[in-house]
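What follows is a set of notes on a single structure, which appears directly below.
Predicted model only: the values in this text are computed from it and were never measured. Read the numbers this way: they start at 1 and go in the same order the structure lists the ligands and their atoms.
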Amino acid sequence: MTSLPELQHWVDRVSDLTQPDRIHWCTGEEEEFDALVAEMLDSGLFLPLNSETHPGCYLHRSDPGDVARVEHLTFVCTSEQADAGPNNNWMDPNEAKEQMRELFSSCMKGRTLYVIPYCMGPIDSPLSRCGVEITDSPYVVVNMRLMTRMGAPALRRIEREGTFVRGLHSIGELDPERRFIMHFPDELMIQSFGSGYGGNALLGKKCHALRIASYQARTEGWLAEHMLILGLESPEGETHYIAAAFPSACGKTNLAMLIPPEQYQGWKVWTVGDDICWMRPGEDGRLWAINPEAGFFGVAPGTSETTNPNALAMLDHNAIFTNVAETADHQPWWEGLPDGEPALDWQGRPFDEANGPAAHPNSRFTVSMRQCPSYTDAAEDPRGVPISAIVFGGRRASLVPLVMESDSWAHGVLMGAAMASETTAAATHAVGVVRRDPMAMKPFCGYNFADYFGHWLDMGEEVTRPPGIYNVNWFRKDEDGKFLWPGFGENLRVLEWIIGRCKGHADALETPVGKVPTAGAIDTSGLELDAGVMDTLLEIEPAAWVPEMAEVREYLESYGDRLPEALASEMERVASQLPAA
Ligand code: OXD
Ligand code: MN
């Protein structure tokens, strides 16, 4: 029920098409959440977890064939194929709508149609944007309540503004042969069928806040990015905000919640967001950022007291677990937890190593941001937070140093565009293969990457006090395949250097591919690294960068004439400083 005729008509049309038994307009109230949980416990969609150790926590086991994003079934449907770019699967919008119409036809018979009004970002922020998701999945409703500002206040804003992203979702029969995630950016519309998995089904997240928003951001002069946002507070009480892009399952959540090492008494990391960042130039010439989300949908395996104590602390109450394993006394369990042992695996079978890991490698937790011990009220500030540094990073076993600084905004854009990373389990494809993943947006940019790079370059003109742009690599390995850098909390040492650079007092050495810390500029006291490890981590071997730059050139040239001239010339500038091939 709404006073906005466009919204009411759309819900009516969808209901005519999908034929639900009931329609429920979500209010976002606690009683609604509790009633849905009770219903799901009844139907078996939710399993209770140990209420003494994990009050308010539930386990959802998804269909075993529906455990990750499906990039090969995800489409951007612009009227011109070239606007979607070679980085997206494309389908003609009319053909896509026709195909989806058939799938959605009568698909909600016997089910409830939920209307979820939501706001991405603080409810009173001019940087926020709203959407409405229609779904037949109560699992989606309860997750959306944790992940977004959902319900009555969002509906009021939508009715006031009159614009919203329309997302239609049905789990269908969870048949991978009848599964599509379609985006119609010109119409601010998403249609998703056949999957209940987070990235495919919680439409506020990847579909709206990245694919549709990136497209919208280009026309409106802002940036929608796959970045965490953290605040780094020094012992003097000065806080600098950093936005960092890493591909899925490369430690964004851990970095966003970092606990400083012992030597760093008085330092504090504040978490503003762990996955998505919307940034806009402010009147003061800086970039101001909000986290459009209100919760975390994090990867469970590997989350432990060593890697992310803050995450563990927020996961012992009011959290939803998807595809983790269970101990004999019904506590959630995943690989990387030192205590407990799995009794049932993620599919509910008695645990047997022969079946693989107990928890699915892409098993997840959903939890409100406010439960995180490092949560900061700055995440609710309608103005957002000012960004001092942008960090790009990938998973690279060799070549790429621990950290380097770009020479200029254009060079930073090139660093982002040249990002590559070994693939992870967050999407269904081969794991561990190096692929180009510009700005960690390969699966999420809602338009042609060439135009996106152009938009990034244009944004450099808009910000008169631009953040520094950096590239990091926590994942460098030695000849025996062992990680050289300890990572996790120790990454603070690198962030300290980055902020030092932004403030103009940390030392750096120029190299052909960027500036790296001078010996000793990164504090390694108390780390007990083997001799020479820091040298290896910070070494730039110009000859080894020649084939890398050749690959970058080949990749960027695959965008043809649309590639911005300024990016091509920046690439030539860097290449010209390397030895001849
Ligand atoms: C995520 C992803 O879920 O990037 O954040 O896959
Ligand atoms: Mn992500």
Side-chain angles (χ1 to χ4, degrees), residues 60 62 66-74 87-88 120 139-140 143-144 146-148 169 181 183 190 192 195-214 223-230 243-257 271-278 289 291-303 308 311 319-324 334 359-367 369 372 391-395 416 419 421-431 435 437-446:
H60 171 71
S62 77
D66 183 33
V67 292
R69 285 183 290 100
V70 282
E71 293 177 10
H72 60 297
L73 301 173
T74 300
N87 46 303
N88 280 301
M120 298 312 291
Y139 169 83
V140 165
N143 275 276
M144 284 291 281
L146 294 172
M147 295 303 297
T148 70
H169 168 254
I181 325 294
H183 303 76
I190 305 156
S192 165
S195 168
Y197 171 74
N200 304 327
L202 311 178
L203 300 186
K205 194 174 180 63
K206 304 300 188 182
C207 300
H208 177 166
L210 287 176
R211 296 193 193 96
I212 298 287
S214 59
L223 290 163
E225 299 300 323
H226 191 202
M227 292 178 176
L228 67 91
I229 309 167
L230 64 80
F246 297 83
S248 309
C250 285
K252 282 205 298 301
T253 306
N254 294 344
L255 186 63
M257 297 174 192
T271 310
V272 179
D274 79 328
D275 195 40
I276 302 181
C277 166
W278 287 357
N291 169 15
E293 300 192 283
F296 306 114
F297 181 66
V299 179
T303 305
N308 193 342
I320 298 170
F321 294 91
T322 302
N323 293 337
V324 299
W334 50 81
H360 188 277
N362 192 35
S363 53
R364 299 276 177 151
F365 53 77
T366 321
V367 66
M369 204 156 74
C372 182
V391 176
F392 294 120
R395 209 177 255 277
M419 259 172 75
S421 192
E422 293 155 26
T423 50
T424 67
T428 41
H429 48 38
V431 170
R435 76 163 176 178
D437 191 352
M439 279 84 167
M441 284 287 277
K442 166 73 189 77
F444 308 121
C445 180

Non-hydrogen atoms of A440 and P247 that approach each other most closely: CB-N, 3.5 Å
Heavy atoms only: give me the nearest H169-L203 pair and the separation to one decimal. CB-CD1, 3.9 Å
For a salt bridge (charged side-chain N to carboxylate O under 4.0 Å, His left out) check, start with the C-alpha distance between R435 and E71, then their side-chain angles and the critical distance, and finish with the verdict. CA-CA 14 Å; R435 76 163 176 178; E71 293 177 10; 3.0 Å; yes
Is there a polar contact, in the sense of an N or O pair closer than 3.5 Å, between [X] and ligand 1?
X    : result
S248 : yes
K205 : no
R364 : yes

Indicate whether the side chain of [X] and that of [Y] have a donor and an acceptor atom separated by less than 3.5 Å.
X    : Y    : value
S421 : D437 : no
S195 : D66  : yes
S62  : N323 : yes
T322 : Y197 : no
T423 : R395 : no

Nearest-contact summary for atom 6 (O) of ligand 1 - protein heavy atom, Å: R69 NE, 3.0 Å
Among protein heavy atoms, which lies nearest atom 1 (C) of ligand 1, and at what distance? K206 CE, 3.3 Å
Which ligand 1 atoms does H226 reach within 4.0 Å, using its non-hydrogen atoms? 4 (O)
Could you tell me, atom by atom, which parts of ligand 1 come under 4.0 Å of a heavy atom of D275? 5 (O)
Answer with side chain, backbone, both or neither: which part of F444 has a heavy atom less than 4.0 angstrom from an atom of ligand 1? side chain
Does C207 form a side-chain contact (heavy atoms from CB on, under 4.5 Å) with F444? I'd like the steps, not just the answer. CA-CA 8 Å; C207 300; F444 308 121; over 6 Å; no
Looking only at atom types and distance, does a side-chain atom of K252 sit under 3.5 Å from a main-chain N or O of F246, one as donor and one as acceptor? yes
State the count of protein N/O/S atoms located less than 2.8 Å away from the Mn ion (ligand 2). 3
